[in-house]
Engineer: 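Structure below; questions to follow.
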Amino acid sequence: ETEININSFIRATYMLSPKEMTSQTIKFKPAIDASTWSLIALIVAVCGWPLFLSPDWVTALILAACIVICIIPFFSIRYEVDGEDLVVYQFFKPSRFPIMKIGVIEPTKSLLSAPATSLTRRIAISFTDRKVLKSAMPIIISPADTGKFINTFVSINPEIKVKQTA
């Protein structure tokens, strides 16, 4: 009889390194603040206004669908640290970014379109390798617990420069 080591079996089957076997996923919620709720209220008001001009059930149904389509992006954004990768979910689709290639994390007031739900609590993540985003532009996100988020990154990659002011 031979005894099978389950970790060796899983590692051999899925070709995982011992480091990947022990990696854990840390989830972060996006920041939702007054700016988020104000933007959602504006969307509802603009999409709902035609209902006051022509109140019928067909118009209400079409406008409700428009409101849902405009609001879904706010609630589909989330962030995860999976091993040595930042995973950003937007429209329920994941995008992976290597934490080891992050150069700078800094607060930003940029209003660029981004997987960030807050307009006031955003951070910009710049990479040392332009090939990561295929651009020199940073990725802008807004985690709810920015301190824990940044500390998690720095614990994985101590080379990251963290700037305190925008």
Side-chain angles (χ1 to χ4, degrees), residues 7 10-11 13-47 65-166:
N7 284 341
I10 292 172
R11 211 177 305 132
T13 304
Y14 297 104
M15 293 186 231
L16 299 175
S17 69
K19 189 174 188 176
E20 290 172 315
M21 292 281 297
T22 60
S23 69
Q24 67 179 43
T25 300
I26 303 168
K27 297 180 181 187
F28 293 92
K29 293 180 181 178
I32 296 179
D33 57 12
S35 67
T36 310
W37 292 115
S38 299
L39 196 54
I40 290 172
L42 180 66
I43 290 169
V44 170
V46 169
C47 289
C66 290
I67 290 170
V68 168
I69 289 169
C70 290
I71 292 178
I72 282 176
F74 287 100
F75 299 103
S76 69
I77 296 172
R78 71 178 195 274
Y79 317 108
E80 292 179 358
V81 173
D82 184 19
E84 291 187 353
D85 288 337
L86 164 63
V87 184
V88 177
Y89 288 87
Q90 185 177 17
F91 300 110
F92 308 105
K93 179 184 171 261
S95 297
R96 290 186 164 275
F97 305 99
I99 295 172
M100 296 308 289
K101 292 190 178 184
I102 293 176
V104 179
I105 298 176
E106 60 187 324
T108 184
K109 303 253 187 251
S110 172
L111 296 178
L112 289 174
S113 176
T117 52
S118 172
L119 295 175
T120 58
R121 295 170 45 195
R122 293 176 160 211
I123 60 173
I125 299 175
S126 301
F127 293 91
T128 56
D129 185 356
R130 293 179 107 178
K131 294 177 187 171
V132 173
L133 288 174
K134 299 176 182 73
S135 161
M137 297 292 294
I139 182 171
I140 298 172
I141 60 176
S142 60
D145 189 349
T146 306
K148 181 180 176 188
F149 189 80
I150 292 172
N151 288 340
T152 302
F153 281 26
V154 172
S155 70
I156 295 169
N157 180 3
E159 301 293 316
I160 296 173
K161 293 178 184 73
V162 179
K163 296 183 180 177
Q164 298 300 323
T165 57

Engineer: List the steps and the verdict of side chain to side chain contact (heavy atoms under 4.5 Å, CB included) for Thr117 and Phe75.
Structural biologist: CA-CA 8 Å; Thr117 52; Phe75 299 103; over 6 Å; no

Engineer: Nearest 0.5 angstrom please: Lys101 NZ to Ile160 CD1, how far?
Structural biologist: 13.5 Å

Engineer: For Ser110 versus Arg122, what's the shortest heavy-atom pair and its separation?
Structural biologist: O-NH1, 2.9 Å

Engineer: Applying side chain to side chain contact (heavy atoms under 4.5 Å, CB included) between Pro98 and each of Leu86, Thr128, Val132, report the one that passes.
Structural biologist: Val132

Engineer: Testing the basics here: between Pro158 and Ile156, what is the closest heavy-atom pair and its distance to 0.1 Å?
Structural biologist: CD-O, 3.7 Å

Engineer: Just how far is it from atom CZ of Arg96 to atom CG of Asp85, taken to the nearest 0.5 Å?
Structural biologist: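 That separation rounds to 5.0 Å.
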
Engineer: Decide if atom CE of Met137 counts as having more than 12 heavy atoms of other residues, nucleotides or ligands within a radius under 6.0 Å.
Structural biologist: no

Engineer: Locate the shortest heavy-atom distance separating Ile40 from Ile71; write the atom from each residue and the value.
Structural biologist: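 Distance-wise, the nearest heavy atoms are CG2-CD1, 3.8 Å.
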
Engineer: Any idea which heavy atoms bring Phe149 and Ile125 closest together, and the distance?
Structural biologist: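 Nearest pair, atom of Phe149 first, then Ile125: CE2-CD1, 4.2 Å.
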
Engineer: For the pair Ser118 (side chain) and Asp33 (backbone), establish whether a donor and an acceptor sit closer than 3.5 Å, ignoring hydrogens and angles.
Structural biologist: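 Checking the backbone N and O of Asp33 against the side chain of Ser118, no donor-acceptor pair under 3.5 Å is found.
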
Engineer: So, for Ile105 and Ile102, which heavy atoms are closest and what is the spacing to 0.1 Å?
Structural biologist: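 Nearest pair, atom of Ile105 first, then Ile102: CG1-CG2, 4.0 Å.
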
Engineer: Measuring from atom CD1 of Ile140 to atom OG1 of Thr108, what distance do you get when rounded to the nearest 0.5 angstrom?
Structural biologist: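 Rounded to the nearest 0.5 Å, the CD1-OG1 separation comes out at 5.0 Å.
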
Engineer: Could you give the distance from CD1 (Ile67) to CD1 (Ile72), rounded to the nearest 0.5 Å?
Structural biologist: 12.0 Å

Engineer: Please round to the nearest 0.5 Å and tell me the distance separating atom CD1 of Ile141 and atom CZ of Phe28.
Structural biologist: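 Between Ile141 CD1 and Phe28 CZ, I get 9.5 Å after rounding to 0.5 Å.
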
Engineer: Would you find a donor on one side and an acceptor on the other, under 3.5 Å apart, between the side chain of Tyr79 and the backbone of Ser142?
Structural biologist: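 Looks like yes, one N/O pair under 3.5 Å.
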
Engineer: I need the Thr36 OG1 to Arg121 CZ distance, nearest 0.5 Å.
Structural biologist: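 Interatomic distance, Thr36 OG1 to Arg121 CZ, rounded to 0.5 Å: 8.5 Å.
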
Engineer: Kindly give the heavy-atom pair with the smallest separation between Phe153 and Ile99, and that separation in Å.
Structural biologist: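 Taking every non-hydrogen atom into account, O-CG2, 4.0 Å.
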
